[in-house]
Amino acid sequence: MRLDPPDRFDGQAFLTVVPPDTYRLSAGEFLTSVSAALFGGPGSAVRRAPRDARMDAAIAAARAALPQARARFLDRAITAPGQLIVKHGLAGHATQREYVWSTVTDWPDPARIHGVSMSDAETDPTVRAGRPTSVDAATVVDWGIWVDGRGIIEGGWTNQLLS
């Protein structure tokens, strides 16, 4: 941990959790592991659903609105405490595809999204909560505005079908 005292006293100082210099993974993975040790890890949130006409329509709606979501992100029109998240596909087994959510940290190229995985993948051991991701925008099937404690407050078309 690192204490970041203010330049002038206003009653606020920040305590930052940072990985040790010898930690070989990302800072996000370190924070995820510390949080899991302190508060318990999340259970598997994998939900399975058949791909049907309703799901296809939800994916089409999300993809149609994705350019506007990117524009809002780049214009910084999505403000704290909200953050843009995207659900994207991973290459899975021959008969199933796994989809995971990532927070968006940067999106300089319309075809490539930079973010941080929100969960561990079951089919890909390289996708872990807190680990940086590079997402092919063509694999995005949904997006949303996430607020901690409230969940998805906008978007989330596919999740609406799963709940």
Q: Please collect all salt bridge (charged side-chain N to carboxylate O under 4.0 Å, His left out) contacts where either partner lies in residues 100-118, sequence neighbours excluded, each pair once.
A: none
Q | Heavy-atom donor-acceptor pair, D142 side chain to A62 backbone, under 3.5 Å | A | no
(Q) Give me the atom names and distance for the closest heavy-atom approach of M118 to I85. (A) SD-CG2, 3.7 Å
Q. So, R131 side chain and T126 main chain: donor-acceptor pair closer than 3.5 Å or not?
A. yes
Q.
Is there a path of hydrophobic side-chain contacts, each under 4.5 Å between heavy atoms, that joins M55 and Y99?
A. yes
Q | Pairwise side-chain hydrogen bond (donor to acceptor under 3.5 Å, both in side chains) hits with a residue in residues 60-80, at least two apart | A | R72-E154
Q: Decide yes or no on side-chain contact (heavy atoms from CB on, under 4.5 Å) for I152 and W101, but give the supporting numbers first.
A: CA-CA 11 Å; I152 297 173; W101 288 96; 3.9 Å; yes
Q: Take V100 and H88 through the test side-chain contact (heavy atoms from CB on, under 4.5 Å) and record every step on the way to the result.
A: CA-CA 6 Å; V100 296; H88 53 97; 3.5 Å; yes
Q) How far apart are the closest heavy atoms of A137 and P110, and which atoms are they? A) CB-O, 3.3 Å
Q. Does any N or O in the side chain of S134 come within less than 3.5 Å of the main-chain N or O of H114, such that one atom is a donor and the other an acceptor?
A. no
Q.
Tell me if a side-chain donor or acceptor on Q83 pairs with a main-chain N or O of D148 at a distance below 3.5 Å.
A. no
Q.
A side-chain contact here means heavy atoms from C-beta on lying under 4.5 Å apart; do T158 and K87 qualify?
A. yes
**Q.** Members besides W143 in its Ile/Leu/Val/Met/Phe/Trp/Tyr cluster (side-chain heavy atoms under 4.5 Å)
**A.** L66, F73, L74, I78, L84, V86, V104, W107, I113, V135, V140, I145, V147, I153, W157
Q | Where A129 and D120 come nearest, the two heavy atoms and their spacing | A | N-OD1, 2.8 Å
